[in-house]
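Note on naming: letters A, B, ... go to the chains in the order of the sequence lines (proteins, then strands), and numbering restarts at 1 for each one. Both backbone and side-chain heavy atoms feed into the values below; hydrogens, waters and symmetry mates do not.
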Amino acid sequence: MSQKLNTPKGTRDYLPLDVRKRNYIFQIISEAFEQFGYQPIETPSFELSSTLMGKYGEEGDRLIFRILNSGEKLKKADISALENDQLAKFAHSLSEKALRYDLTVPFARYVVQHQNDLTFPFKRYQIQPVWRADRPQHGRYQEFYQCDGDVVGSDSLRNEVELMRIIQRVLRRLNLPGFSIKLNNRKVLSGIAQVCGVEHELIALTVALDKLDKIGKEAVIEELSSKGFTPQVLEKINPLFALEGTFEDRINQLRDYLSESPIGLKGLEEISFVFEKLKNEIAENETLELEVTLARGLNYYTGMILEVKASGIEMGSICGGGRYDDLTELFGLKGLSGVGISFGADRIYDILNSLKLFPEHLSEGPELLLLHFSESSADQCDAWAQQLRDLGKSVEVYPSALKLQKQLKYANDRGVQWVAFYGDVEIEQQCVVLKNMHTGEQFTYDVKSWVADWLG
RNA sequence: GAGGUUGUAGCUCAGUUGGUUAGAGCGUCGGAUUGUGGUUCCGAAGGUCGCGGGUUCGAGACCCGUCUUCCUCCCCA
């Protein structure tokens, strides 16, 4: 090896089996979406920078991969901006394209741009990679797949319910040992801020609350306090940590807590609606919880917020989503409400891998490998292979007449289920020998009818 | 973006206070077996010790920089 080889930071190669495993996940997800009438779309890997920048907050902008202008365009670089320390402006002059950061914002652009060609409510799913210039960690990559499903142009809460059912269907079919869905509503968070009299610090409040299950109550209070929240406010927040009981119990406790906040009560009503539709559809190894501290980073959510975690393994959320009333407004189209979810395929992949939940058959090779021992019998093997492929079988012919040991080793390594011998001995005896690679059993068939006899 | 951590054969890892020619297992290849794999036995190939610089008579080991790995924070799928 003359050169140290590596994929770029935060990316990974996929071996054949890895791709099979990934496609298995994609297939289950797309089948579920299709069953609910969602249509597939795709958008380009990169967008105009102006489409993406500023849509994910300050932090988000930093994590967007930018594409350097090429050729003559590089001459447009704004050197004076660099000299004046205006790095953002300078960067913008160097780059007018960027890799997509998620599938939601490009989708919003797509909806606005194609609004006359779409029938609303428009239900789409999209499975494509996204890129983030994040620091890689366990379960975090710079290139990873998202599997998004969204409904735009309908503000019915039934869409929320439908998306929850899709999540259940997907995670059940993947045979996860269990999962928990956490529900909240942005309006409830607004209500909490209202009750506490800190409407203008909603973001700071929710970001801190969101960390509750990670850093604990004391640390959250400490963070809020350090961000300037007064002891009186902290006192008012306190009851939120004491919520307990069933989903309905919590709703009742919150109803009292938010009684002075119309928007908060509205949010509770929405949560309640979704819960009522789903409460009898929760399996034993699943939970549906009301989690008032769930905030999620994306600022565009306005209604329901949800997050899903797999049980029995330490891993970030594997699915998230929510409703956003004014996402397309950013691109000039008002009054179009949307709600969507996003599966993190790479995290699901890692979970299925470590829990050994991928089906065995994914590692199986072709059903049949034809072995020959001379060029003269190879053409006959080719003809049989074509015949079997027409019958829907996956069949390979070993390309050269190498020694048998070598061909069988190849068959073994590839996970081939059957091999067929057609060499001098068989030609002379007018037969074909079939060997089952799992059991080692061998069967001899007449050369004229072996295909039908073997399949029969 | 801040802090820490890791890097030695294709893979997983040894390598003593700095000291001769850097090792093992697995894998690969060849043979035992010219027509029977997944087991066994024998043999072989495979290394700019991440990269660049420095200290030293001498560096895989120590120092600096850089890239990479994994982790914490930030944020998120």
Side-chain angles (χ1 to χ4, degrees), chain A residues 1-13 15 25 29 56-64 87 101-104 127-148 203 206-208 210-211 214-215 219 223 294-299 306-310 314-321 340-351 365 369 371-374 377 398 401-429 433-442:
Chain A
M1 195 172 67
S2 58
Q3 196 192 341
K4 185 71 179 180
L5 302 176
N6 214 344
T7 60
K9 180 165 68 173
T11 64
R12 49 185 179 172
D13 282 328
L15 294 171
I25 296 172
I29 290 173
Y56 307 101
E58 271 176 58
E59 284 295 318
D61 279 3
R62 203 191 70 209
L63 300 177
I64 292 174
L87 292 181
Y101 176 88
D102 70 359
L103 300 180
T104 307
I127 300 177
Q128 291 191 275
V130 301
W131 294 270
R132 295 185 186 178
D134 206 355
R135 193 157 294 205
Q137 260 177 62
H138 179 59
R140 307 176 69 161
Y141 303 94
Q142 292 203 338
E143 176 184 64
F144 60 97
Y145 275 84
Q146 284 193 330
C147 312
D148 276 29
I203 302 291
T206 54
V207 165
D210 195 45
K211 295 177 188 163
K214 204 169 179 181
I215 61 177
E223 175 165 340
L294 174 65
R296 297 184 53 76
L298 298 175
N299 293 324
L306 74 90
E307 186 170 279
V308 185
K309 286 190 174 180
E314 201 51 49
M315 180 68 76
S317 66
I318 53 173
C319 182
I341 55 172
S342 175
F343 291 96
D346 294 70
R347 284 186 178 173
I348 293 174
Y349 177 97
D350 287 346
I351 289 172
L369 175 71
L371 313 183
H372 62 275
F373 309 99
S374 66
S377 54
Y398 197 85
L402 296 186
K403 59 192 285 189
L404 182 56
Q405 182 177 303
K406 196 139 182 115
Q407 300 195 46
L408 279 171
K409 183 167 163 41
Y410 173 84
N412 200 58
D413 291 346
R414 286 289 314 279
V416 171
Q417 296 151 65
W418 289 85
V419 294
F421 300 92
Y422 189 61
D424 296 339
V425 177
E426 287 78 14
I427 291 171
E428 197 186 308
Q429 298 176 2
V433 174
L434 269 289
K435 178 183 175 103
N436 182 315
M437 290 299 284
H438 299 304
T439 64
E441 284 177 291
Q442 297 194 175

B/C75 OP1/OP2 closer than 4.0 Å to side-chain N/O of A/K211: yes
Any A/K406 side-chain N or O less than 4.0 Å from OP1/OP2 of B/U36: no
Candidates B/G37, B/G35, B/C74 - which lies nearest the side chain of A/K409: B/G37
Closest to side chain of A/K9, choosing from B/G1, B/U36, B/U69: B/U69
With rounding to whole Å, what would you report as the distance between [N] and [M] at their [atom1] atoms?
| N | M | atom1 | answer |
| --- | --- | --- | --- |
| B/C29 | B/G10 | C1' | 13 Å |
| B/C70 | B/G7 | P | 14 Å |
| B/A14 | B/G60 | C1' | 12 Å |
| B/G58 | B/G3 | C1' | 36 Å |
| B/C74 | B/C11 | P | 35 Å |
| B/A9 | B/G46 | P | 15 Å |
| B/C41 | B/G52 | C1' | 47 Å |
| B/G53 | B/G15 | P | 28 Å |

Is [X] touching bases, backbone alone, or none of the nucleic acid, heavy atoms closer than 4.0 Å?
| X | value |
| --- | --- |
| A/Q142 | nothing |
| A/H372 | nothing |
| A/G10 | sugar-phosphate |
| A/Y141 | base |
| A/F343 | nothing |
| A/G423 | base |
| A/G139 | base |

Taking atom [atom2] of [N] as reference, at what distance in whole Å does atom [atom1] of [X] sit?
| X | N | atom1 | atom2 | value |
| --- | --- | --- | --- | --- |
| A/N436 | B/G38 | CG | P | 16 Å |
| A/E223 | B/C73 | CD | C1' | 11 Å |
| A/K403 | B/U36 | NZ | P | 9 Å |
| A/I25 | B/A77 | CD1 | P | 17 Å |
| A/E426 | B/U36 | CD | P | 12 Å |
| A/L103 | B/A77 | CG | C1' | 10 Å |
| A/I318 | B/A77 | CD1 | P | 13 Å |
| A/L63 | B/A77 | CG | P | 11 Å |

Any donor-acceptor pair under 3.5 Å between the side chain of [X] and the base of [N]?
| X | N | answer |
| --- | --- | --- |
| A/Q405 | B/G30 | no |
| A/K435 | B/U36 | yes |
| A/Q442 | B/U36 | yes |

Candidate pair A/R12 and A/D350, rule salt bridge (charged side-chain N to carboxylate O under 4.0 Å, His left out), full reasoning: CA-CA 13 Å; A/R12 49 185 179 172; A/D350 287 346; 3.3 Å; yes
Rounded distance [0.5 Å steps], [atom1] in [X] versus [atom2] in [Y]:
| X | Y | atom1 | atom2 | result |
| --- | --- | --- | --- | --- |
| A/Q429 | A/D424 | CD | CG | 11.0 Å |
| A/M437 | A/W418 | CE | CH2 | 11.5 Å |
| A/E307 | A/L294 | CD | CG | 5.0 Å |

Test item: A/Y422 and A/L371 side chains (from C-beta on) under 4.5 Å apart, heavy atoms: no
Closest non-hydrogen atom pair between [X] and [Y], with its separation:
| X | Y | result |
| --- | --- | --- |
| A/A295 | A/D210 | N-OD1, 2.9 Å |
| A/F373 | A/A401 | C-CB, 3.4 Å |
| A/Q142 | A/A133 | NE2-C, 3.9 Å |

Considering every strand shown, what is the Watson-Crick or G-U wobble mate of [N] when both distances are under 3.5 Å?
| N | result |
| --- | --- |
| B/G65 | B/C51 |
| B/U20 | none |
| B/U72 | B/A2 |
| B/U34 | none |

Of residues 130-138 of chain A, the positions that come close to RNA chain B - non-hydrogen atoms, cut-off under 4.0 Å: A/R132, A/D134, A/R135, A/Q137, A/H138
Face-to-face stacking of A/F421 with B/G35, centres under 5.5 angstrom, angle under 30°: no
Parallel, tilted or perpendicular, as decided by the 30° and 60° cut-offs, for the rings of A/Y410 and A/Y398: perpendicular
A/R140 vs A/L408, nearer the 5' end of RNA chain B by closest nucleotide: A/L408
Contact nearer the 5' end of RNA chain B, comparing A/N412 with A/G344: A/N412
Backbone of A/L404 reached by a side-chain donor or acceptor of A/Q407 within 3.5 Å: no
